[in-house]
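Have a look at the structure below before the remarks.
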2 protein chains.
Amino acid sequence: MIQCVKCAQVDGIMKAGYVRGKQRYLCKWCNYYFTHSERDDSIQSLVKRKRHQTTIIDVAKSLGVSNSTVSRALHGHADISPETRQAVLDKAAQLDYQPNQLAYNLVKSRTNTIGMIVPEFQNQFFPNVIIGAHEVLTQAGYNLTIMQSNESYQVEISNTKAMLANRIDGLLISLTQETNNFDHLSLFAKRGIPLIQFNRVCDQIDVPKVVVNDFEASFQAVEHLILNGYERIAHLGGPLTLQVSQERLRGYKAAMEKYGKPIKDHMIIQGMLTQQKARIYGQYLLDLAERPDAIFAVNDSSAIEIMLMAQEKGISIPDELGVVGFSDNAESAYIGPGLTTVRQPTLQIGHTTAEWVLQLVDAEDIIVNEKRVLSTELIVRGSSRRRV
Amino acid sequence: MIQCVKCAQVDGIMKAGYVRGKQRYLCKWCNYYFTHSERDDSIQSLVKRKRHQTTIIDVAKSLGVSNSTVSRALHGHADISPETRQAVLDKAAQLDYQPNQLAYNLVKSRTNTIGMIVPEFQNQFFPNVIIGAHEVLTQAGYNLTIMQSNESYQVEISNTKAMLANRIDGLLISLTQETNNFDHLSLFAKRGIPLIQFNRVCDQIDVPKVVVNDFEASFQAVEHLILNGYERIAHLGGPLTLQVSQERLRGYKAAMEKYGKPIKDHMIIQGMLTQQKARIYGQYLLDLAERPDAIFAVNDSSAIEIMLMAQEKGISIPDELGVVGFSDNAESAYIGPGLTTVRQPTLQIGHTTAEWVLQLVDAEDIIVNEKRVLSTELIVRGSSRRRV
DNA sequence: AACGTCTCCGCAAACGTTACCGATACTTTT
DNA sequence: AAAAGTATCGGTAACGTTTGCGGAGACGTT
């Protein structure tokens, strides 16, 4: 006999369909719907039982104390007698207790994790910056999660969203070449999460920035070429959407102007320098009627590509063609006559950004608009050294 | 007049000291201690208010629905009318709602994060593996957290502890050279968290392993030297605590034996090959009375160091000294006559481990004892090619 | 006796989500 | 009509911590 769970009547109970496989009833008297659920401690519920990891509560129960006591004992708080503390520690070790950082993070709403978004992994630049940042962060007890935007604005947006969702304590980011809207970045300031830009930065947003002296470095590199007697210097630059590319172009032009060398548009190429692209542009430059006698490339891999092509064509380096790159990749020291290049302090970039973000994590005001400029070093090797 | 909060008596209430700055009373009648706290909605409570991020509850309240409804709407569940769903989505966007992954993780007890512990970052090997794993993981919607054990067993332990605390869904690990106890790794199996070893593996524990065919690769490399007419081949190996080093040594010996070349202990050096160490060992080998006419090094950086030293000493490569390395670093293609080396499929190692761990994350049984062996490729360059 | 101080510990409210179980109001079938 | 089916929504217990606040003594001091 079915009994209404509300008014306890036994007659006047009508069936009223099924809900999720269970019979449902309607009591005529109190007009109350209810289902009469047979207990099912069948296989289902047993199978579903998850692997249990011992928690603070387990430790507390098996010791007959409260979980606050356990929590405080584990964290070395005051208000705990030495005996209980030791008992808790012993029991925790015995039960193989591992704290659940997730719960901790939730209640403290901080994760001890710094996020990092880089556009690519192909060049050695970003891995090295990661190494530098990693050093500082682990030293300070922080974790590092890395995401790759893959030079896509859309991916960058979803990356930042994921970072926000994961409640990282701070973000280090180097923009994609597509990024020209910065709303997704201002969200961090709104939430009080420090954000630091490095390498690929933008001025439209007031955050700390870590860059190198691109202008001076380029100026110096081109000046070095000129002082070595090169006249028709071409520039293989990056996409002008990036500030770094603009700065390096500016440095190139400034040096050319200073020494009265003509700046010719067809000697300047701006674009995303994949290896394939570098080959195409190199082909173009080396086949020009008025062939450049030097090339200042915006990264080492394309500079090396140029060098290899020149050697294939029988153009001698550095006598007929001077080459200067940017970044000082590992291979640049060993190739041909050695590639002259601008060494970037990659590790230090990592250090600086990481230290800065840690500093801001505990700061009151994270709205700072400061740019730290690290200095580069021109590494002169055979590819540009010729007697004048 | 003070009233007992238990028996409501007003007289017979005695002062009984202070607790945390508040007056405490004792009721004579019911023997009950209590404090009479003046409300303090002063500055304190206002200052303490943390920056509030809008939650599901905020969205629900401002829409007059329950949070279950909001949750379901946001996740595209069934049981939601199109209108409410849209209303929720709109309101969420308007209030700038960002889901709190921490809470999600806590209740689902899964983080969508794979951990990775590598011993070092200095060689290009591990960064490249990271790139490979990163590709696969992001593709599958997983995050990657990286830690560095810095070749220290203790750090490795604390890293694994941190990984457990952070409730990663799976771990990819390459051991330190010190690691010879594996209790910290068996914890993962106990907790049902898949763990995969790669490169630096151990056989004492039944987990999936991804390695390269070190034995065959070394054998082939040494055989190549022998076939090029080298006789007194030295081996600059890694620390024998690592299985990779053992395998490579085994390959070296097997090839020497096959061709009847004598294996001399003083021609075999095992140790951790930092750049400095490589110089010392190189010095030793090149100054031997019976100088080796070839060196098989366990990594490229020390092979290159040897090449540079030989060139300084005026020993010609490959005629007087053959050199073979391991890993195919970026610079190896460009140095001197080109460094013959064993190319490791670093990206593929990353792919394989990542795919494997993703597969095990959703698997019933994670206890597998399988070793996947990826194949290497001998890249022959000038440093070992001489006419016999 | 009355009050102050100190030590050790427990209660319960957060933190933000998800998901199970129902509840309500309909329409459709028997 | 009674029963069954469908669509939509709410209540609430988890998940595992931390922490503010206060209780219960013990002991010391007027």
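Below, chains carry the letters A, B, ... as their sequence lines are ordered, and counting in each starts from 1.
Heavy-atom distances under 4.0 Å link DNA chain D to no residue of residues 87-105 of chain B. The stretch residues 55-65 of chain A touches DNA chain C through Gly64(A), Val65(A), each having a heavy atom within less than 4.0 Å of the strand.
OP1 and OP2 of dT17(D) both lie 4.0 Å or more from every side-chain N or O belonging to Ser71(A). Phosphate contact (OP1/OP2 of dC15(C), side-chain N/O of Ser109(A), threshold under 4.0 Å): absent. One finds a side-chain N or O of Lys108(B) lying less than 4.0 angstrom from the OP1 or OP2 phosphate oxygen of dA19(C).
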Discussion item. Test side-chain hydrogen bond (donor to acceptor under 3.5 Å, both in side chains) on Thr138(B) and Gln148(A); report intermediate values, then the result.
Written reply: CA-CA 8 Å; Thr138(B) 49; Gln148(A) 186 201 17; 5.6 Å; no
Item to complete: Quick one: do Ser152(A) and Ser149(A) satisfy side-chain hydrogen bond (donor to acceptor under 3.5 Å, both in side chains)? Show the steps, please.
Response: CA-CA 6 Å; Ser152(A) 151; Ser149(A) 56; over 6 Å; no
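Atom CG of Asp365(B) and atom CG of Leu360(B) lie 9.0 Å apart (nearest 0.5 Å). Going from atom CG of Asn159(B) over to atom CD1 of Ile117(B) covers 4.5 Å, rounded to the nearest 0.5 Å. Atom-to-atom distance recorded for Ile168(A):CD1 and Thr113(A):OG1 is 8.5 Å, nearest 0.5 angstrom.
The separation between Ile80(A) atom CD1 and dG10(C) atom C1' is 10 Å, rounded to whole Å. Summarising the geometry, the separation between CD on Gln86(A) and C1' on dC9(C) is reported as 18 Å, rounded to the nearest angstrom. Following rounding to the nearest Å, Arg85(A) (CZ) and dT7(C) (P) show an atom-to-atom distance of 13 Å. Taking atom CD of residue Glu83(B) and atom C1' of nucleotide dT8(D), one finds them 10 Å apart after rounding to whole Å. Taking atom CZ on Arg167(B) and atom P on dG16(D), their separation rounds to 8 Å, with Å as the unit. Rounded to an integer number of Å, the gap from CG of Asp79(A) to P of dC6(C) is 12 Å. The distance between atom CG of Leu74(B) and atom P of dG16(C), rounded to the nearest whole Å, is 15 Å. Atom NE2 in His75(B) sits about 11 Å away from atom C1' in dG16(C), given to the nearest Å.
The pair Arg191(A)-Asp96(B) meets the salt-bridge criterion, with a side-chain N (NZ, NE, NH1 or NH2) lying under 4.0 Å from an Asp/Glu carboxylate O. Salt-bridge annotation for Lys91(B) and Asp58(B): absent, with no side-chain N of the basic residue lying under 4.0 Å from a carboxylate O of the acidic one.
The number of heavy-atom neighbours closer than 6.0 Å to CD of Gln94(A), taken from other residues, nucleotides and ligands shown, is above 12.
Among residues two or more places apart in sequence or in another chain, the side chain to side chain contact (heavy atoms under 4.5 Å, CB included) test is passed with Ala140(A) by Tyr142(A), Leu358(A). With sequence neighbours excluded, the residues forming a ring pair (Phe, Tyr, Trp, His ring centres under 6.0 Å) with Tyr153(B) are His184(B), listed by chain and number.
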Any protein N or O atoms within reach of nucleotides 11-13 of chain C? Criterion: under 3.5 Å, listing atom names and distances.
unit_1	atom_1	unit_2	atom_2	d
dC11(C)	N4	Ser68(A)	OG	2.7

What N/O pairs connect the protein and nucleotides 25-27 of chain D at under 3.5 Å? Give each pair on its own line.
unit_1	atom_1	unit_2	atom_2	d
dG25(D)	O6	Arg24(B)	NH2	3.0

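In this structure, of dT18(C), dT8(D), dC15(C), it is dT18(C) that holds the atom nearest to the side chain of Val107(B).
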